[in-house]
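The structure appears right after this line, and notes come after that.
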Amino acid sequence: MLRSLLLPPRDRYRREWWWLLWVGVALGVLLGAALVWERDTLVASERERLAQQASVIHDNLARQLQSIDKGLASILDAIAQTRALGSDQNRAQERIQALADAMVGVGGILWLDGQGRVQASNRLELIGRDLSSRAYFQTAKSSIVLNTLIVGEPFAPEPAMWVLPIVRPVVNAEGGFDGVVVMALYPEDLSTLLRSVLYAPDMYATVIHPLGRRFVWQNQQGSDLQAPQYGPTPMLRQFQASGARQAVLQGVLRPDEPERMVAITTVQPADLPMNHALVVAVGRTLPAIFASWRTTVWVTLAFYLLVGMVVVFGLRVMQQNLRSQEQSLHDKDQALSNLWHAVLIATGQGVWDANLQTEQVYFSSAWKAQLGYEDAQIGNTFAEWTMRIHPDDVGRTKAAWAECENGRDDYDCVYRLRCQDGSYRWVQGKGRVLSRDAQGRIVRIVGTNTDVSEERRLRERFEHLTQNVPGMIYQFQLESDGTSHFPYVSKGGEDIYGFSANLKLPPTERKASSVIHPDDALRVAKTIVESAQQLTLWRQEYRVCLPGRGERWVSGVARPQPLESGAVLWHGYIQDITEQKHQAMELEEAQRMLQHLLHAMPVALCMVDESRHIYFRNQRFLDYFGYTESQVPSMDEWAVFAYPDPAYRSQVGHEWRQALAHAATHDGYIPSQEYRITAANGNVLTIAIGGVQFGSSLLVTFVDRTAEQAHSEALEKMAFIDALTGLPNRRQFDQALQAEWQRGVRSGQPLALLLMDIDFFKQYNDLYGHPEGDACLQAVAKVLPSGLNRSYDLIARYGGEEFVCLLPECSLEGAHAKAQALCAAVRALQRPHAGSQVAAHVTISIGVAAVVPSADARPEQLLAQADAHLYAAKQAGRNQVHAGNHEK
C-alpha cells in the first residue's frame, strides 16, 4: 500500500490523480506551517506590546513615588526646623499646604505625632484626630527604618473611599519614633494613567499591593474603585516566586474566567528604598488576542477546500474530454482520405492530371472556370493547354517541363494563360511526377494551377513603389555559417550603398560592409548578430563613405524572420538622414551649451512640466537639497520631503498658488518668497523661491538665505541673552514681565516675582578678584534654573550680582517655597566665601512678592514690592527669604 502511494502509476490518468494528491498534501503542510508561524509571531508581538504598556505605567508611577519621597523629605525638614526654632506647627502646616497645591495625583497629606494624633494636614478637618490605630502608623512604629519609603496596604478611611498610604517615619533627636508623615494616593488619580495604555476592548490594567490587595483596576468600560481584591492570585504568586522584576505570564485569574496573557512588573526605583514594591499588571484575554488568527485559519481552510474541489472537478472534466477526443481522432483518421478530393475542389485549385503515354490530360472544372470556360468547352488534350500560353511565356514553361524530363520530380512555373474573353491571367503551375518508364521518361504527372494574377499586380505595384521611394528597401539574409547576402535590394540601394539592384553581380561587388565607416562597422555588425540571436527589431544610425560623395549618415530599421534552414532573413528600409543628422547635432550642441550654462549658474534651478514632473534640475539644486530624480520625480513628491510638517506644507501650497495666480497676470513672473525647506541630510534651510511661468511649464529658482537668517537670529539672541551667565538679560525679562502681567489680567491668576542678590558680593570680588567673581556669577546662574520645574518659569540676570525669577500662576505661598528651594540650592554649591559675614560659603537673599494683576495696577509695582522685601531680607541678616506679611 505504501509503495503504491510513493510510486506514480503507469496509467496516464491515474498518474495525474497521484500528482494532484501529493501537491495537495504539500500545499496543506505549507499552509499549516504558515499559520503556526503567524500564531507564534502574534504571541511574541502581543507579549512585547503588553510589556511595553506595563513599562509605561511603571515609569510614571516610579516618578510619582520619587516626587512623593521628596515631598515627604521636605515636610520632615520643615518639622525639624520647627522643633529647632521652638516655633509652633505653622511652618509644617504651610509646607504641607504648599505641597498639596503643587503636587498632582496626591490626596491627603498628614503629620502624625508619636501618639498618632494629626498635627498638620491639608485636610483641616483631620487636625487633632487620633489615627494611631491605622495599619501604616503601627507598621512605621514597629520598625523604624530611616530614609525608607513605607508603602502601606490600601484601606478605606471612609465608606467608598479607598486610599494607598505612602509613609516616612519621624524620629526625635535620640533616634526614637516620633510620628509619621503620610501622603495618600487616590485610585481615581491613577485611573487616567491606566486608561491611557489600553488599546483593546478586552484589555485591563491594575496596580496591586504586593500583599495581594488591588488598589485600582481599569478597563475600557471604566474603573473598579470600590472592591479591592484580597489575597494574591495564583498568577501573582507565580510571579513573586520567580524573583523576577518583570515577566509576561499566561493563566487564569479565576476558574470561571478565560485564560489571559498578563505583563507584570514591580515598581521599585533603584535610588528609592521601599519596604514593599508595588506591582503593575496589564493583560488581555487569549480568545480576543487570537480572534483574528482564528478567522484567518477558517478562511484559509475554506479557501484550501474550495480550491481542492475546483481542481478535482476540473481534472475529472478534462480527463473525460480527453477520452472523448481520442475516440473522435480515431474516427477522423478513417475518413481523412475520403476528404482529399473535396478539399481540392473547395480551395478553388485548378487540378490537372496528365498521362503522357496516352497524351490525355484531365482538367478539373475549377481549372476551366479560372479561364472563364464551361466543362464542355475544353477538351482533354495537351493542345488545349499549350495553345493558351502567352507567347512571351512559352520558353519559360518549356524550360520548366524539360527539367522534369531530365529527372526532376517537381514542376513549378509561373506564366500567363489566355481566357475566353481574350485577356490573360497569371497562374502558378505546380506538379509532381508520379511514375516513369524504364528509360526514365515521364508516364504520369499531376498538379494544380493557382490564379496569381492579383499577386502579380501587387508585385508590379510594389516594384513601382520601390523604384520611386527615397531610400533603400531590402532583404538581408545571414546564413548559419556566418556568410550573408542581399536577396533583394530596391533601386535606392545605389544611393545608399552605391551598388546596383542587379543581384547577379559577384558578392564582392555588393558587399555593403566595405562602404560603412570604419568607426561604425564593428557596432553595426554586432547589432546584426544580436538581432539574429534575440530576433529583435534591428534599428541603427551609422555613416557610409561613398566614392565621390563623401561621408553620409543613414538610418536603417529591419525586422528579422527565422528560416527553416537556420538562416535569418531581415526585411527592412534604409534612408539617407545626413541633413537631419547635421541639424540634430547642431541642436544637441546648443542644448549641451544651454545645460552647461544652467548647471554652472550660482542659483538652484528646476524645470517643471504641466503634470508637475521635474524634467530638469541643475547641480546647485542637488547641492542644496540632495533629492535626485529617483527620489522626487515630481514637485508634489518633493514637497512631502521638503515640508514634512503637514500644516506648514498646506500653508506653503496656499502661498505658492497665490504666487502662480500673480504670475498669470504679470507676464509669468513669480515673486520670490522665503520658506523653510528640509534637505535630504535633515538640515533645515531658509530658501527664497521664485521663478518664471512659460506656457504650461515653470522655471523655478531657489536662493539660499540660510546664512543671512542665521546671522539675523544670532544678532537677536545677542540682544536678549546675558553674555556672561547665558541667562535671559533684563531686556528679555522686561518684555516677559509685561506679557505675563497682561496674561494675568485676562486669566485672574496670581503672578509671583523673586528678586535675588548674592550676599556680600563686593567683598567676594575684593577678596578673590573679578575673574573669580565672574565664575561665581556663572555657577549661581547655572544652579538657579534647576530649582524650577515648569517650562514657563523665567530666571534672568537683573544686573550686577542680582537675579530675578518670574513665576506665572503661582501664589505667595508657592513662591515662598520655591525661594527657599533656590536658597538651599545655592548653599549646596558650598562655594567658599571668606568675606561673608553670614556663612563660610556663597549665599543669597531673596525678596518675594505676588499679586493678582489688574488693569488698574502696573507690573513695576510688583517689582518694587519684591525689591522692598529683598531689602528687608538683607536688613534681617541676609541668607534668607522675606515675603512681607507671609513671614511669621
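Nothing here was measured: the structure is a model prediction, and the numbers come from that model. Computed over heavy atoms, backbone and side chain alike; hydrogens, waters and symmetry mates excluded.
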Q. Hey, what do you get for OG1 (Thr450) to CD (Gln370), rounding to the nearest 0.5 Å?
A. 7.0 Å
Q | Interatomic spacing from CD in Glu16 to CE in Met318 - rounded to 0.5 Å | A | 4.5 Å
Q.
Any heavy-atom pair between the side chains of Leu569 and Tyr488 that's under 4.5 Å?
A. no
Q. Does CD belonging to Glu359 count more than 12 external heavy atoms closer than 6.0 Å?
A. no
(Q) Looking at Lys368 and Asp375, would you say the former's side chain and the latter's main chain have a donor-acceptor pair under 3.5 Å? (A) yes
(Q) Do Thr483 and Asp481 pair up side chain to side chain, a donor and an acceptor below 3.5 Å, judged on atom types alone? (A) yes
Q: Locate the shortest heavy-atom distance separating Gln580 from Asp576; write the atom from each residue and the value.
A: OE1-O, 4.0 Å
Q | Between CD on residue Gln693 and CG on residue Leu660, distance to nearest 0.5 Å | A | 6.0 Å
Q.
For a 4.5 angstrom cut-off between non-hydrogen side-chain atoms, does Trp638 reach Val608?
A. no
Q. Would you say Ser531's side chain and Thr527's backbone share a donor-acceptor pair under 3.5 angstrom?
A. no
Q) Hey, is the main chain of Tyr362 close enough, under 3.5 Å, to the side chain of Asp353 for a donor-acceptor pair? A) no
Q: In sequence, state the C-alpha distance, the side-chain angles, and the governing distance for Gln360 and Asn355, and then conclude on side chain to side chain donor-acceptor pair (under 3.5 Å).
A: CA-CA 5 Å; Gln360 298 291 312; Asn355 188 327; over 6 Å; no
Q) Hey, is CZ on Arg523 packed in by over 12 heavy atoms from elsewhere, all under 6.0 Å? A) yes
Q.
Any heavy-atom pair between the side chains of Met472 and Phe486 that's under 4.5 Å?
A. yes
Q.
Determine whether a donor-acceptor pair (N or O, by modelled atom type, separation under 3.5 Å) exists between the side chain of Gln631 and the backbone of Thr628.
A. yes
**Q.** Heavy-atom pair with the smallest gap, counting every atom of Trp570 and Pro560
**A.** NE1-CB, 3.4 Å
Q | Between CD on residue Gln540 and CD1 on residue Ile528, distance to nearest 0.5 Å | A | 8.5 Å
Q) Is the Tyr542 ring parallel, tilted or perpendicular to the Tyr497 ring (thresholds 30°, 60°)? A) parallel
Q: Assess whether atom CZ of Phe694 is packed by more than 12 heavy atoms of other residues, nucleotides or ligands within 6.0 Å.
A: yes
Q. When rounded to the nearest 0.5 angstrom, what distance separates CD in Gln357 from OG in Ser435?
A. 7.5 Å
Q: Hey, could you give me the CG/OH distance between Leu371 and Tyr424, rounded to the nearest 0.5 Å?
A: 11.0 Å
**Q.** Criterion salt bridge (charged side-chain N to carboxylate O under 4.0 Å, His left out) against Asp409, the qualifying member of Lys430, Arg444, Arg436
**A.** Arg436
Q. Are the side chain of Arg396 and the backbone N or O of Val414 linked by a donor-acceptor pair below 3.5 Å?
A. yes
Q | Minimum heavy-atom distance between Ser484 and Phe476, given as atom pair plus value | A | CB-CZ, 3.4 Å
Q: Could you pull out all residues at least two apart from Arg408 that satisfy side-chain hydrogen bond (donor to acceptor under 3.5 Å, both in side chains)?
A: Glu403
Q: Please lay out, stage by stage, how Gln619 and Asp623 fare under the test side chain to side chain donor-acceptor pair (under 3.5 Å).
A: CA-CA 6 Å; Gln619 185 60 43; Asp623 294 341; 3.0 Å; yes
**Q.** Test item: Asp421 side-chain N/O and Ser423 main-chain N/O as donor-acceptor pair under 3.5 Å
**A.** yes
Q) Which pair of heavy atoms, one from Tyr474 and one from Ala558, lies closest together, and at what distance? A) OH-CB, 3.4 Å
Q) Between Ser555 and Gln575, is there a donor-acceptor pair closer than 3.5 Å when you use the side chain of the first and the backbone of the second? A) no
Q | Side-chain (Glu384) to main-chain (Gly379) donor-acceptor, under 3.5 angstrom | A | yes
(Q) I want to check something: taking the side chain as every heavy atom from C-beta on, are Arg620 and Val603 in contact at a cut-off of under 4.5 Å? (A) no
Q: Answer yes or no: does atom CG of Leu522 have more than 12 heavy-atom neighbours from other residues, nucleotides or ligands under 6.0 Å?
A: no
Q. So, do Phe702 and Phe625 have ring centers that fall under 6.0 Å from each other?
A. yes
Q | Full working for side-chain contact (heavy atoms from CB on, under 4.5 Å) between Thr448 and Val351 | A | CA-CA 4 Å; Thr448 62; Val351 179; 4.3 Å; yes
**Q.** Validation row: Trp17, Arg316 side chains within 4.5 angstrom (heavy atoms)
**A.** yes
(Q) I want to check something: taking the side chain as every heavy atom from C-beta on, are Leu699 and Met607 in contact at a cut-off of under 4.5 Å? (A) yes
Q. Quick check: does any side chain N or O of Asn449 sit under 3.5 Å from a backbone N or O of Gly350, one acting as donor and the other as acceptor?
A. no
Q. Just wondering, are more than 12 heavy atoms of other shown residues or ligands nearer than 6.0 Å to CD in Glu610?
A. no
**Q.** Over 12 non-hydrogen atoms of neighbours within 6.0 angstrom of CD in Glu374
**A.** no
**Q.** Contact check, side chains of Val311 and Leu20, non-hydrogen atoms, under 4.5 Å
**A.** yes
Q) Can you list the steps and then say if Arg432 with Asp410 is a side-chain contact (heavy atoms from CB on, under 4.5 Å)? A) CA-CA 5 Å; Arg432 180 75 176 178; Asp410 294 328; 2.6 Å; yes
Q: Could you walk me through whether Ser611 and Asp609 pass side chain to side chain donor-acceptor pair (under 3.5 Å), step by step?
A: CA-CA 5 Å; Ser611 62; Asp609 60 19; 2.9 Å; yes
Q.
Can you confirm whether Gln439 is buried at CD, in the sense that more than 12 heavy atoms of other residues, nucleotides or ligands lie under 6.0 Å from that atom?
A. yes
**Q.** Atom of Tyr304, atom of Gly24 and distance for their closest heavy-atom approach
**A.** OH-O, 2.6 Å
Q: Indicate the atoms forming the closest heavy-atom contact of Gln477 with Ala567, along with that distance.
A: NE2-CB, 3.8 Å
Q: Check for a donor-acceptor pair, side chain of Thr701 on one end and backbone N or O of Leu605 on the other, with a separation under 3.5 Å.
A: no
Q.
Does atom CD (Gln320) have a neighbourhood of more than 12 heavy atoms from anything else shown, all under 6.0 Å?
A. yes
**Q.** ring pair (Phe, Tyr, Trp, His ring centres under 6.0 Å) partner of Trp352, chosen from Phe363, Phe382, Trp385
**A.** Trp385
Q. Side-chain contact, heavy-atom cut-off 4.5 Å: Val427 with Trp367?
A. no
**Q.** Under the side-chain hydrogen bond (donor to acceptor under 3.5 Å, both in side chains) test, residues paired with Thr397 that sit two or more places apart
**A.** none
Q) With Arg441, which residues qualify under salt bridge (charged side-chain N to carboxylate O under 4.0 Å, His left out), at least two apart? A) Asp437
Q. Where do His571 and Ile473 land on the side-chain contact (heavy atoms from CB on, under 4.5 Å) test, with the steps shown first?
A. CA-CA 8 Å; His571 309 273; Ile473 299 174; over 6 Å; no
(Q) Walk me through whether Arg539 and Val557 qualify under side-chain contact (heavy atoms from CB on, under 4.5 Å). (A) CA-CA 4 Å; Arg539 187 190 301 274; Val557 59; 4.0 Å; yes
